[in-house]
Number of protein chains: 2
Amino acid sequence: MAKRKISNTLALAVLGLLQEQPMHPYEMATTLRERHKDSSFKVNSGSLYDTVESLVRHGWIEPVETARDGRRPERTVYAPTGLGQDEFVRWIDELLRTPVAEYPKFMAAVSYLGALGPERAAEALLERAGHLARRIEETNTVLADTVGSGQVPRLFMIEAECAVHAWEAELAWTRRTVAEIRDGSLFWPRAERTEQGWTWSAPGEEPVR
Amino acid sequence: MAKRKISNTLALAVLGLLQEQPMHPYEMATTLRERHKDSSFKVNSGSLYDTVESLVRHGWIEPVETARDGRRPERTVYAPTGLGQDEFVRWIDELLRTPVAEYPKFMAAVSYLGALGPERAAEALLERAGHLARRIEETNTVLADTVGSGQVPRLFMIEAECAVHAWEAELAWTRRTVAEIRDGSLFWPRAERTEQGWTWSAPGEEPVR
DNA sequence: TGTCGTATAGTCGGATCCGGCTACTAGGAT
DNA sequence: ATCCTAGTAGCCGGATCCGACTATACGACA
(Lines give C-alpha, C1' and ligand atoms only; values in the text may rest on other atoms or scores of the structure.)
Protein backbone atom coordinates (compact mmCIF):
# COMPACT_ATOMS: atom_id res chain seq x y z
CA MET A 1 0.00 0.00 0.00
CA ALA A 2 1.60 3.23 -1.18
CA LYS A 3 1.99 5.99 1.36
CA ARG A 4 -0.73 8.61 1.46
CA LYS A 5 0.12 12.01 0.02
CA ILE A 6 -1.42 13.69 3.04
CA SER A 7 -1.31 11.95 6.39
CA ASN A 8 -2.44 14.56 8.89
CA THR A 9 -6.06 13.73 9.73
CA LEU A 10 -6.83 17.41 10.21
CA ALA A 11 -7.05 17.41 6.41
CA LEU A 12 -9.81 14.83 6.70
CA ALA A 13 -11.71 17.13 9.02
CA VAL A 14 -11.32 20.02 6.58
CA LEU A 15 -12.56 17.87 3.71
CA GLY A 16 -15.49 16.75 5.83
CA LEU A 17 -16.58 20.30 6.60
CA LEU A 18 -16.26 21.40 2.99
CA GLN A 19 -18.59 18.60 1.92
CA GLU A 20 -21.32 20.63 3.59
CA GLN A 21 -20.50 24.12 2.39
CA PRO A 22 -17.60 26.36 1.38
CA MET A 23 -15.74 27.83 4.33
CA HIS A 24 -12.69 29.84 5.32
CA PRO A 25 -10.12 28.27 7.67
CA TYR A 26 -11.02 30.22 10.78
CA GLU A 27 -14.64 29.16 10.43
CA MET A 28 -13.50 25.54 10.09
CA ALA A 29 -11.73 25.75 13.41
CA THR A 30 -14.69 27.23 15.26
CA THR A 31 -17.13 24.79 13.66
CA LEU A 32 -14.99 21.82 14.63
CA ARG A 33 -14.91 23.06 18.22
CA GLU A 34 -18.66 23.69 18.32
CA ARG A 35 -19.31 20.13 17.21
CA HIS A 36 -16.83 18.69 19.71
CA LYS A 37 -14.77 17.31 16.84
CA ASP A 38 -11.70 18.82 18.46
CA SER A 39 -11.39 15.69 20.55
CA SER A 40 -10.90 13.60 17.41
CA PHE A 41 -8.74 16.09 15.55
CA LYS A 42 -5.94 18.27 16.81
CA VAL A 43 -7.20 21.69 15.80
CA ASN A 44 -4.22 24.04 15.86
CA SER A 45 -4.55 27.21 13.85
CA GLY A 46 -1.00 27.07 12.57
CA SER A 47 -1.40 23.51 11.34
CA LEU A 48 -4.81 24.31 9.90
CA TYR A 49 -3.54 26.92 7.47
CA ASP A 50 -0.66 24.64 6.44
CA THR A 51 -3.08 21.78 5.92
CA VAL A 52 -5.43 23.84 3.79
CA GLU A 53 -2.53 24.96 1.63
CA SER A 54 -1.39 21.38 1.22
CA LEU A 55 -4.89 20.33 0.18
CA VAL A 56 -4.88 23.08 -2.43
CA ARG A 57 -1.48 21.94 -3.75
CA HIS A 58 -2.82 18.42 -4.15
CA GLY A 59 -5.91 19.67 -5.94
CA TRP A 60 -8.37 18.34 -3.36
CA ILE A 61 -9.82 21.76 -2.54
CA GLU A 62 -9.69 25.17 -4.21
CA PRO A 63 -10.29 28.79 -3.23
CA VAL A 64 -13.64 30.05 -4.46
CA GLU A 65 -13.71 33.58 -3.08
CA THR A 66 -11.58 36.02 -1.15
CA ALA A 67 -13.75 38.42 0.78
CA ARG A 68 -12.79 41.29 2.97
CA ASP A 69 -15.07 42.56 5.70
CA GLY A 70 -14.25 46.15 6.53
CA ARG A 71 -10.60 46.36 7.45
CA ARG A 72 -10.41 42.83 8.88
CA PRO A 73 -7.80 40.56 7.30
CA GLU A 74 -9.17 39.04 4.14
CA ARG A 75 -10.67 35.60 4.31
CA THR A 76 -10.18 32.99 1.62
CA VAL A 77 -13.14 30.66 1.25
CA TYR A 78 -12.48 27.13 -0.02
CA ALA A 79 -14.59 24.39 -1.62
CA PRO A 80 -13.70 20.77 -2.40
CA THR A 81 -12.89 19.68 -5.95
CA GLY A 82 -14.37 16.52 -7.45
CA LEU A 83 -11.12 14.76 -6.69
CA GLY A 84 -11.32 15.98 -3.11
CA GLN A 85 -14.83 14.57 -2.68
CA ASP A 86 -13.73 11.16 -3.95
CA GLU A 87 -10.57 11.06 -1.87
CA PHE A 88 -12.50 12.02 1.25
CA VAL A 89 -14.54 8.83 1.07
CA ARG A 90 -11.62 6.64 -0.01
CA TRP A 91 -9.50 7.92 2.83
CA ILE A 92 -12.14 7.19 5.48
CA ASP A 93 -12.61 3.73 4.01
CA GLU A 94 -8.90 3.02 4.20
CA LEU A 95 -8.51 4.35 7.75
CA LEU A 96 -11.37 2.15 8.93
CA ARG A 97 -10.23 -1.00 7.16
CA THR A 98 -6.57 -1.13 8.09
CA PRO A 99 -5.33 -0.59 11.64
CA VAL A 100 -1.98 1.18 11.81
CA ALA A 101 0.55 1.27 14.65
CA GLU A 102 0.13 4.41 16.76
CA TYR A 103 2.57 4.30 19.71
CA PRO A 104 0.47 5.97 22.42
CA LYS A 105 2.44 7.59 25.22
CA PHE A 106 0.82 5.41 27.85
CA MET A 107 2.13 2.27 26.14
CA ALA A 108 5.65 3.72 26.23
CA ALA A 109 5.40 4.33 29.96
CA VAL A 110 3.91 0.90 30.65
CA SER A 111 6.91 -0.60 28.86
CA TYR A 112 9.08 0.71 31.65
CA LEU A 113 6.61 0.24 34.49
CA GLY A 114 9.26 -1.83 36.27
CA ALA A 115 11.48 1.20 36.75
CA LEU A 116 9.08 2.78 39.25
CA GLY A 117 9.01 -0.08 41.73
CA PRO A 118 5.71 -1.63 42.83
CA GLU A 119 4.34 0.99 45.23
CA ARG A 120 5.00 4.01 43.07
CA ALA A 121 3.73 2.23 39.95
CA ALA A 122 0.48 1.29 41.66
CA GLU A 123 0.01 4.79 42.95
CA ALA A 124 0.61 6.37 39.55
CA LEU A 125 -1.79 3.97 37.84
CA LEU A 126 -4.42 4.70 40.44
CA GLU A 127 -4.18 8.40 39.79
CA ARG A 128 -4.60 7.73 36.08
CA ALA A 129 -7.67 5.67 36.82
CA GLY A 130 -9.21 8.68 38.52
CA HIS A 131 -8.55 10.93 35.53
CA LEU A 132 -9.98 8.36 33.14
CA ALA A 133 -13.13 7.90 35.19
CA ARG A 134 -13.70 11.66 35.20
CA ARG A 135 -13.14 11.94 31.48
CA ILE A 136 -15.62 9.16 30.79
CA GLU A 137 -18.15 10.90 32.99
CA GLU A 138 -17.69 14.21 31.19
CA THR A 139 -18.01 12.70 27.75
CA ASN A 140 -21.16 10.84 28.75
CA THR A 141 -22.60 14.13 29.93
CA VAL A 142 -21.85 15.76 26.60
CA LEU A 143 -23.46 12.81 24.83
CA ALA A 144 -26.56 13.10 26.97
CA ASP A 145 -26.82 16.84 26.24
CA THR A 146 -26.54 16.44 22.48
CA VAL A 147 -27.62 13.02 21.27
CA GLY A 148 -29.70 12.25 24.33
CA SER A 149 -31.80 15.37 23.87
CA GLY A 150 -32.36 14.59 20.20
CA GLN A 151 -30.47 17.67 19.01
CA VAL A 152 -27.93 15.68 17.03
CA PRO A 153 -28.30 12.25 15.40
CA ARG A 154 -26.37 9.55 17.21
CA LEU A 155 -24.35 8.71 14.08
CA PHE A 156 -22.82 12.21 14.10
CA MET A 157 -21.39 11.69 17.60
CA ILE A 158 -20.55 8.02 17.30
CA GLU A 159 -16.83 8.69 17.77
CA ALA A 160 -17.53 9.82 21.32
CA GLU A 161 -19.09 6.44 22.10
CA CYS A 162 -16.07 4.78 20.57
CA ALA A 163 -13.71 6.87 22.70
CA VAL A 164 -15.65 6.14 25.88
CA HIS A 165 -15.47 2.43 25.11
CA ALA A 166 -11.70 2.64 24.68
CA TRP A 167 -11.25 4.62 27.92
CA GLU A 168 -13.38 2.16 29.83
CA ALA A 169 -11.15 -0.66 28.66
CA GLU A 170 -8.04 1.24 29.65
CA LEU A 171 -9.58 2.03 33.01
CA ALA A 172 -10.40 -1.63 33.61
CA TRP A 173 -6.87 -2.73 32.71
CA THR A 174 -5.37 -0.03 34.90
CA ARG A 175 -7.45 -1.01 37.94
CA ARG A 176 -6.79 -4.69 37.43
CA THR A 177 -3.07 -4.05 37.20
CA VAL A 178 -3.08 -1.99 40.39
CA ALA A 179 -4.80 -4.90 42.11
CA GLU A 180 -2.28 -7.39 40.73
CA ILE A 181 0.63 -5.29 41.91
CA ARG A 182 -0.85 -4.91 45.39
CA ASP A 183 -1.76 -8.56 45.89
CA GLY A 184 1.59 -9.71 44.51
CA SER A 185 0.23 -11.63 41.53
CA LEU A 186 2.29 -9.41 39.22
CA PHE A 187 5.73 -10.49 40.33
CA TRP A 188 8.34 -7.74 40.53
CA PRO A 189 11.72 -9.28 39.73
CA ARG A 190 14.92 -7.73 40.93
CA ALA A 191 17.15 -7.46 37.86
CA GLU A 192 20.89 -7.80 38.28
CA ARG A 193 23.88 -7.56 36.01
CA THR A 194 26.25 -10.55 35.96
CA GLU A 195 29.22 -11.41 33.74
CA GLN A 196 26.91 -13.34 31.40
CA GLY A 197 24.38 -10.53 30.96
CA TRP A 198 21.24 -10.14 33.03
CA THR A 199 19.44 -12.36 35.48
CA TRP A 200 16.22 -11.91 37.40
CA SER A 201 15.00 -13.24 40.65
CA ALA A 202 12.24 -15.75 39.97
CA PRO A 203 8.81 -15.88 41.63
CA GLY A 204 9.24 -17.51 45.02
CA GLU A 205 12.66 -15.98 45.48
CA GLU A 206 13.02 -12.53 47.00
CA PRO A 207 11.04 -9.93 45.05
CA VAL A 208 11.69 -6.22 45.18
CA ARG A 209 10.39 -4.57 48.29
CA MET B 1 2.01 21.68 33.96
CA ALA B 2 4.94 23.02 31.97
CA LYS B 3 5.63 21.40 28.65
CA ARG B 4 8.30 18.70 28.62
CA LYS B 5 11.62 19.60 27.06
CA ILE B 6 11.62 16.34 25.13
CA SER B 7 8.33 14.83 24.06
CA ASN B 8 9.29 12.03 21.67
CA THR B 9 8.97 8.80 23.65
CA LEU B 10 11.80 7.26 21.67
CA ALA B 11 13.96 9.26 24.06
CA LEU B 12 12.37 7.32 26.91
CA ALA B 13 13.34 4.06 25.25
CA VAL B 14 16.91 5.28 24.83
CA LEU B 15 17.08 6.30 28.48
CA GLY B 16 15.68 2.93 29.47
CA LEU B 17 18.31 1.00 27.57
CA LEU B 18 21.13 3.13 28.91
CA GLN B 19 20.03 2.36 32.48
CA GLU B 20 21.34 -1.14 31.80
CA GLN B 21 24.59 -0.42 30.04
CA PRO B 22 26.30 2.10 27.73
CA MET B 23 25.40 1.66 24.07
CA HIS B 24 25.76 3.21 20.63
CA PRO B 25 22.61 4.21 18.72
CA TYR B 26 22.60 1.38 16.23
CA GLU B 27 22.78 -1.16 19.04
CA MET B 28 19.85 0.58 20.73
CA ALA B 29 17.75 0.06 17.64
CA THR B 30 18.57 -3.63 17.30
CA THR B 31 18.08 -4.25 21.02
CA LEU B 32 14.68 -2.57 20.99
CA ARG B 33 13.64 -4.79 18.06
CA GLU B 34 14.95 -7.95 19.72
CA ARG B 35 12.89 -7.21 22.80
CA HIS B 36 9.76 -6.41 20.77
CA LYS B 37 9.81 -2.88 22.16
CA ASP B 38 9.41 -1.60 18.61
CA SER B 39 5.68 -1.99 18.98
CA SER B 40 5.65 0.53 21.81
CA PHE B 41 8.18 2.92 20.29
CA LYS B 42 8.58 4.07 16.73
CA VAL B 43 12.15 3.03 16.06
CA ASN B 44 13.31 4.97 13.03
CA SER B 45 17.05 5.28 12.59
CA GLY B 46 16.86 8.89 11.46
CA SER B 47 14.80 9.91 14.47
CA LEU B 48 17.01 7.87 16.75
CA TYR B 49 20.16 9.86 16.00
CA ASP B 50 18.26 13.14 16.36
CA THR B 51 16.82 11.97 19.65
CA VAL B 52 20.19 10.95 21.03
CA GLU B 53 21.63 14.31 20.08
CA SER B 54 18.76 16.08 21.77
CA LEU B 55 19.30 14.04 24.94
CA VAL B 56 22.95 15.07 24.90
CA ARG B 57 22.00 18.73 24.45
CA HIS B 58 19.73 18.51 27.50
CA GLY B 59 22.43 16.82 29.54
CA TRP B 60 20.47 13.61 30.14
CA ILE B 61 23.07 11.38 28.48
CA GLU B 62 26.69 11.85 27.43
CA PRO B 63 29.17 10.17 25.08
CA VAL B 64 31.60 7.97 26.96
CA GLU B 65 33.65 6.52 24.12
CA THR B 66 34.06 6.73 20.37
CA ALA B 67 35.35 3.45 19.06
CA ARG B 68 36.26 2.47 15.55
CA ASP B 69 36.21 -1.15 14.48
CA GLY B 70 38.44 -1.63 11.45
CA ARG B 71 37.31 0.79 8.79
CA ARG B 72 33.63 0.75 9.79
CA PRO B 73 32.14 4.14 10.58
CA GLU B 74 32.98 5.13 14.12
CA ARG B 75 30.45 4.42 16.82
CA THR B 76 29.78 6.77 19.67
CA VAL B 77 28.79 5.02 22.89
CA TYR B 78 26.53 6.87 25.33
CA ALA B 79 25.71 6.57 29.01
CA PRO B 80 23.07 8.37 31.09
CA THR B 81 24.01 11.22 33.40
CA GLY B 82 22.69 11.44 36.96
CA LEU B 83 20.10 13.93 35.71
CA GLY B 84 19.11 11.50 32.98
CA GLN B 85 18.55 8.70 35.47
CA ASP B 86 16.28 10.89 37.59
CA GLU B 87 14.33 12.26 34.66
CA PHE B 88 13.78 8.77 33.30
CA VAL B 89 11.80 7.79 36.37
CA ARG B 90 10.01 11.14 36.65
CA TRP B 91 8.96 10.99 33.03
CA ILE B 92 7.48 7.49 33.35
CA ASP B 93 5.63 8.56 36.46
CA GLU B 94 4.14 11.55 34.70
CA LEU B 95 3.13 9.61 31.59
CA LEU B 96 1.35 7.02 33.73
CA ARG B 97 -0.42 9.51 35.97
CA THR B 98 -1.87 11.93 33.45
CA PRO B 99 -3.70 10.80 30.32
CA VAL B 100 -3.13 13.09 27.33
CA ALA B 101 -5.21 13.48 24.15
CA GLU B 102 -3.77 11.40 21.33
CA TYR B 103 -6.03 11.68 18.24
CA PRO B 104 -5.73 8.14 16.83
CA LYS B 105 -6.43 7.83 13.12
CA PHE B 106 -9.27 5.40 13.70
CA MET B 107 -11.13 7.98 15.76
CA ALA B 108 -10.81 10.49 12.93
CA ALA B 109 -12.33 8.04 10.48
CA VAL B 110 -15.12 7.04 12.86
CA SER B 111 -16.00 10.73 13.13
CA TYR B 112 -16.98 10.62 9.48
CA LEU B 113 -18.39 7.11 9.42
CA GLY B 114 -21.62 8.56 8.05
CA ALA B 115 -19.96 9.53 4.78
CA LEU B 116 -19.54 5.89 3.72
CA GLY B 117 -23.18 4.91 3.92
CA PRO B 118 -24.32 1.92 5.97
CA GLU B 119 -23.24 -1.02 3.79
CA ARG B 120 -19.77 0.21 3.01
CA ALA B 121 -19.18 1.32 6.60
CA ALA B 122 -20.18 -2.10 7.93
CA GLU B 123 -17.97 -3.84 5.41
CA ALA B 124 -14.95 -1.68 6.23
CA LEU B 125 -15.39 -2.19 9.96
CA LEU B 126 -15.67 -5.91 9.45
CA GLU B 127 -12.39 -6.00 7.58
CA ARG B 128 -10.79 -4.09 10.43
CA ALA B 129 -12.16 -6.60 12.88
CA GLY B 130 -10.35 -9.36 10.99
CA HIS B 131 -7.04 -7.50 11.13
CA LEU B 132 -7.45 -6.82 14.84
CA ALA B 133 -8.25 -10.44 15.61
CA ARG B 134 -5.13 -11.56 13.78
CA ARG B 135 -2.95 -9.04 15.54
CA ILE B 136 -4.25 -10.13 18.93
CA GLU B 137 -3.53 -13.74 18.03
CA GLU B 138 0.02 -12.91 16.95
CA THR B 139 0.79 -10.94 20.07
CA ASN B 140 -0.54 -13.70 22.28
CA THR B 141 1.76 -16.13 20.47
CA VAL B 142 4.74 -13.89 21.12
CA LEU B 143 3.73 -13.65 24.77
CA ALA B 144 3.45 -17.41 25.05
CA ASP B 145 6.91 -17.86 23.49
CA THR B 146 8.61 -15.40 25.82
CA VAL B 147 6.81 -14.96 29.11
CA GLY B 148 4.94 -18.27 28.87
CA SER B 149 8.16 -20.23 28.51
CA GLY B 150 9.69 -18.42 31.46
CA GLN B 151 12.40 -16.78 29.37
CA VAL B 152 11.35 -13.26 30.28
CA PRO B 153 9.60 -12.01 33.44
CA ARG B 154 6.01 -11.03 32.82
CA LEU B 155 6.64 -7.48 34.07
CA PHE B 156 9.07 -6.88 31.20
CA MET B 157 6.39 -7.63 28.60
CA ILE B 158 3.43 -6.15 30.44
CA GLU B 159 2.88 -3.56 27.70
CA ALA B 160 1.96 -6.35 25.30
CA GLU B 161 -0.83 -7.45 27.64
CA CYS B 162 -1.97 -3.86 27.82
CA ALA B 163 -2.02 -3.56 24.03
CA VAL B 164 -3.94 -6.81 23.62
CA HIS B 165 -6.51 -5.56 26.12
CA ALA B 166 -6.95 -2.34 24.15
CA TRP B 167 -7.27 -4.16 20.84
CA GLU B 168 -9.81 -6.55 22.28
CA ALA B 169 -11.92 -3.59 23.35
CA GLU B 170 -11.64 -2.00 19.92
CA LEU B 171 -12.55 -5.31 18.32
CA ALA B 172 -15.61 -5.65 20.52
CA TRP B 173 -16.77 -2.13 19.70
CA THR B 174 -16.17 -2.66 16.02
CA ARG B 175 -18.17 -5.89 15.91
CA ARG B 176 -20.98 -4.43 17.95
CA THR B 177 -21.18 -1.43 15.65
CA VAL B 178 -21.29 -3.64 12.56
CA ALA B 179 -24.19 -5.50 14.15
CA GLU B 180 -25.98 -2.26 14.99
CA ILE B 181 -25.61 -0.97 11.46
CA ARG B 182 -26.90 -4.22 9.98
CA ASP B 183 -29.89 -4.58 12.27
CA GLY B 184 -30.78 -0.92 11.90
CA SER B 185 -30.37 0.05 15.54
CA LEU B 186 -27.77 2.63 14.51
CA PHE B 187 -30.04 4.92 12.55
CA TRP B 188 -28.52 6.40 9.38
CA PRO B 189 -30.04 9.83 8.86
CA ARG B 190 -30.16 11.40 5.45
CA ALA B 191 -28.74 14.90 5.87
CA GLU B 192 -30.03 17.70 3.69
CA ARG B 193 -29.26 21.34 3.22
CA THR B 194 -32.15 23.79 3.58
CA GLU B 195 -32.25 27.58 3.72
CA GLN B 196 -32.04 27.46 7.52
CA GLY B 197 -28.97 25.21 7.64
CA TRP B 198 -29.08 21.43 7.96
CA THR B 199 -31.84 19.00 8.79
CA TRP B 200 -31.86 15.25 9.19
CA SER B 201 -34.45 12.64 8.71
CA ALA B 202 -35.47 11.28 12.12
CA PRO B 203 -35.74 7.60 13.11
CA GLY B 204 -39.00 6.27 11.75
CA GLU B 205 -38.78 8.47 8.68
CA GLU B 206 -36.95 7.26 5.60
CA PRO B 207 -33.37 6.33 6.39
CA VAL B 208 -30.62 6.11 3.81
CA ARG B 209 -30.71 2.97 1.77
C1' DT C 1 -14.45 58.33 26.26
C1' DG C 2 -10.68 55.44 27.20
C1' DT C 3 -9.50 50.84 27.73
C1' DC C 4 -9.99 46.04 28.74
C1' DG C 5 -11.32 41.57 27.46
C1' DT C 6 -12.80 38.61 23.85
C1' DA C 7 -13.67 37.27 19.10
C1' DT C 8 -12.02 37.40 14.37
C1' DA C 9 -8.43 36.03 10.94
C1' DG C 10 -4.21 34.66 9.78
C1' DT C 11 1.38 34.66 9.63
C1' DC C 12 5.97 32.99 10.62
C1' DG C 13 10.30 31.07 12.45
C1' DG C 14 12.09 27.40 14.44
C1' DA C 15 11.87 22.59 16.17
C1' DT C 16 11.00 18.01 14.98
C1' DC C 17 10.61 14.05 12.18
C1' DC C 18 11.57 10.79 8.79
C1' DG C 19 12.54 8.46 4.26
C1' DG C 20 16.08 7.64 1.56
C1' DC C 21 20.85 7.76 1.00
C1' DT C 22 26.03 6.65 1.61
C1' DA C 23 29.71 3.65 2.88
C1' DC C 24 31.76 -0.24 4.48
C1' DT C 25 32.15 -5.50 5.84
C1' DA C 26 31.27 -10.47 5.85
C1' DG C 27 29.80 -14.44 3.94
C1' DG C 28 27.96 -17.31 0.69
C1' DA C 29 26.67 -18.26 -4.37
C1' DT C 30 28.23 -18.39 -9.26
C1' DA D 1 37.93 -14.29 -8.73
C1' DT D 2 33.69 -11.91 -8.83
C1' DC D 3 29.05 -10.86 -7.71
C1' DC D 4 25.22 -10.43 -4.67
C1' DT D 5 22.87 -9.96 -0.50
C1' DA D 6 22.39 -9.02 4.25
C1' DG D 7 24.11 -6.69 8.11
C1' DT D 8 26.43 -2.60 10.40
C1' DA D 9 26.50 2.40 11.24
C1' DG D 10 25.16 6.83 10.53
C1' DC D 11 23.90 11.32 7.81
C1' DC D 12 21.00 14.82 5.57
C1' DG D 13 17.47 17.51 2.90
C1' DG D 14 13.02 18.43 2.89
C1' DA D 15 8.37 18.06 4.79
C1' DT D 16 5.58 18.80 8.64
C1' DC D 17 4.05 20.78 12.76
C1' DC D 18 3.11 24.04 16.15
C1' DG D 19 3.55 27.81 19.58
C1' DA D 20 3.74 32.41 19.79
C1' DC D 21 2.75 36.37 17.61
C1' DT D 22 0.30 40.39 14.88
C1' DA D 23 -3.63 43.18 13.93
C1' DT D 24 -8.32 44.64 13.74
C1' DA D 25 -13.18 44.92 15.52
C1' DC D 26 -16.59 45.24 19.02
C1' DG D 27 -19.20 45.38 23.19
C1' DA D 28 -19.12 46.42 28.16
C1' DC D 29 -18.34 49.28 31.77
C1' DA D 30 -16.43 52.60 34.86
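By convention in this document, chain letters (A, B, ...) are assigned in the order of the sequence lines, proteins followed by strands, and residues within each chain are numbered from 1. Only heavy atoms go into these numbers, but all of them, side chains included; no hydrogens, no water, no symmetry mates.
One atom, CD of B:Glu53, and another, C1' of D:dC12, lie 12 Å apart when rounded to the nearest Å. Atom pair A:Arg75:CZ and D:dA25:C1' shows a separation of 13 Å (rounding to whole Å applied). As rounded to whole Å, 16 Å separates atom P of D:dT8 from atom CE of B:Met28. Between the OH atom of B:Tyr26 and the C1' atom of C:dT22 there is a distance of 15 Å, given to the nearest Å. Going from atom OH of A:Tyr49 over to atom P of C:dA9 covers 8 Å, rounded to whole Å. Following rounding to the nearest Å, B:Leu48 (CG) and D:dC12 (P) show an atom-to-atom distance of 16 Å.
Ring orientation note: the planes of A:His58 and A:Trp60 are nearly perpendicular, at an angle over 60° on the 30°/60° scale. Note on ring orientation: taking the six-membered ring where Trp is involved, the planes of A:Phe41 and B:Tyr112 are tilted (angle from 30° to 60°).
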Grab the N/O contacts between the protein and nucleotides 16-19 of chain C below 3.5 Å, and write none if there aren't any.
unit_1 : atom_1 : unit_2  : atom_2 : d
C:dC17 : OP2    : B:Asn8  : ND2    : 3.3
C:dC18 : OP2    : B:Ser47 : OG     : 3.0
C:dC18 : N4     : B:Asp50 : OD2    : 2.9
C:dG19 : OP2    : B:Asn44 : ND2    : 2.7

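Atoms OG and CZ, from A:Ser111 and A:Phe106 in turn, are 10.0 Å apart once rounded to the nearest 0.5 Å. Atom OG of B:Ser54 sits about 3.5 Å away from atom CD1 of B:Ile6, to the nearest 0.5 Å. With values rounded to the nearest 0.5 angstrom, B:Thr51 atom OG1 is found 4.5 Å from B:Asn8 atom CG.
Here the side chains of A:Ile92 and B:Leu113 are not in contact, with every heavy-atom distance at 4.5 Å or above. Side chains of A:Arg97 and B:Glu123 form a contact here, defined as non-hydrogen atoms less than 4.5 Å apart.
For B:His24, no side-chain nitrogen or oxygen approaches OP1 or OP2 of D:dT8 to under 4.0 Å.
A heavy atom closer than 4.0 Å to some atom of DNA chain D occurs in no member of residues 100-108 of chain A.
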Report task. Any chance you could lay out the salt bridge (charged side-chain N to carboxylate O under 4.0 Å, His left out) test for A:Arg176 and A:Glu180, step after step, and finish with the verdict? Result -> CA-CA 6 Å; A:Arg176 179 153 63 73; A:Glu180 288 191 22; 3.2 Å; yes
